[in-house]
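The structure appears right after this line, and notes come after that.
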Amino acid sequence: MNIILFGPPGAGKGTQAKKLVDFYGIPQISTGDILRANVREGTELGLAAKAYMDKGELVPDEVLIGIIKNRLNEADCEKGFILDGYPRTVPQADALAVILEEIEKPIDIVLNFEVPDEELVERISGRLMCKCGASYHKTFNPPKEEGICDACGAEVYQRADDTSDAVLNRLDVYKKQTQPLIEYYEAKGILVTLDGTKDIDVVFEDVKGILAKFA
Ligand code: ADP
Ligand code: AMP
């Protein structure tokens with residue numbers, strides 16, 4: 001099963017991706033997590049990406065296309081994958097189509113999570129992250145033990161780009177550069193839109209219901 005999780009920042013893509021990984025045993029490919037790992041490790045890629053990420057801007061397409069091409073060619077993607085945070089521009093989607101044609105793994109479905117802006121801001125400003133990629137919320141989805149990741153036991157933290165003006169800029173960037181992909185995938189007949197405002201477990205039930213025919 002080859003899936004794209006689509007939606008604005010804070011829509012719940014990462015949260016649902018983690019549940020899908022456990023349920024279907026296919027990997028989550030979060031370009032945000034890959035970039036953050038590079039920033040943490042101080043790689044050349046991380047150093048180049050950090051300035052864009054801190055401002056809430058998109059990292060240039062050619063960087064992302066390179067990352068995704070390498071990642072999709074890894075062995076664990078053989079049985080399927082969950083793309084989270086990619087593609088975010090039309091050139092990224094076009095490049096993805098070429099890569100997937102080469103490896104003969106077409107996208108089955110694009111799940112588009114809809115959440116109003118006010119709620120996105122509330123979610124992002126209360127988000128707590130773990131370096132393993134797990135995502136929590138101070139109020140809506142707190143870790144069982146305060147400050148500690150349920151999944152791996154590391155300390156959770158607030159993302160640098162979840163605090164400042166970067167949040168509003170990210171929503172703006174989403175509308176201008178990423179939202180056009182809704183029409184792009186609608187035209188291909190593979191986009192399904194979901195109400196992302198329901199409780200996390202209810203959204204997951206909806207997701208599983210939609211994916212049942214591909215499993
Ligand atoms: P994205 O990956 O789309 O940016 P996340 O999965 O990181 O979004 O979720 C953003 C924030 O919203 C996190 O703090 C998460 O715990 C919280 N969240 C996710 N889904 C829901 C939901 N259905 N209801 C309430 N809060 C949610
Ligand atoms: P995310 O974790 O998906 O919210 O991404 C965090 C940040 O990483 C974004 O605000 C961008 O700066 C960068 N990023 C992640 N994925 C992409 C992408 N597909 N294209 C460009 N930039 C990206």
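Below, all heavy atoms of this structure are taken into account, side chains as well, without hydrogens, waters or symmetry copies. Indexing begins at 1, ligand by ligand and atom by atom, following the structure's order. For this chain, numbers begin at 1 and follow the sequence in order.
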Check the surroundings of atom OH in Tyr52: do more than 12 heavy atoms from other residues, nucleotides or ligands lie under 6.0 Å from it? no

Could you go through the side-chain contact (heavy atoms from CB on, under 4.5 Å) check for Leu72 and Leu100 one step at a time? CA-CA 8 Å; Leu72 285 169; Leu100 293 181; 3.9 Å; yes

Near Glu183 CD, under 6.0 Å, is it more than 12 heavy atoms from other residues, nucleotides or ligands? no

What's in the same ILVMFWY side-chain cluster as Val173, cut-off under 4.5 Å, chained through other members? Leu58

According to ring pair (Phe, Tyr, Trp, His ring centres under 6.0 Å), who are the partners of Phe214, at least two apart in sequence or on a separate chain? none

Taking all heavy atoms of Arg88 and all of Thr178, pick out the closest pair and write down the distance. O-OG1, 2.8 Å

Protein neighbours of ligand 2 with a heavy atom under 4.0 Å, given by chain and number, are Thr31, Gly32, Leu35, Arg36, Met53, Glu57, Leu58, Val59, Leu64, Gly85, Tyr86, Arg88, Gln92, Arg159, Asp161, Arg170

Least distance between heavy atoms, Pro87 atom then Ala93 atom: CB-N, 3.6 Å

Without hydrogens or angle criteria, can the side chains of Asp94 and Tyr184 be said to hold a donor-acceptor pair below 3.5 Å? yes

Heavy-atom contacts under 4.0 Å to ligand 1, chain-then-number order, include exactly Pro8, Pro9, Gly10, Ala11, Gly12, Lys13, Gly14, Thr15, Arg123, Arg127, Ser135, Tyr136, His137, Phe140, Asn141, Gly196, Lys198, Asp199, Ile200

Assess whether side-chain contact (heavy atoms from CB on, under 4.5 Å) is satisfied between Ile210 and Leu111, documenting all intermediate values. CA-CA 9 Å; Ile210 294 165; Leu111 294 175; 3.9 Å; yes

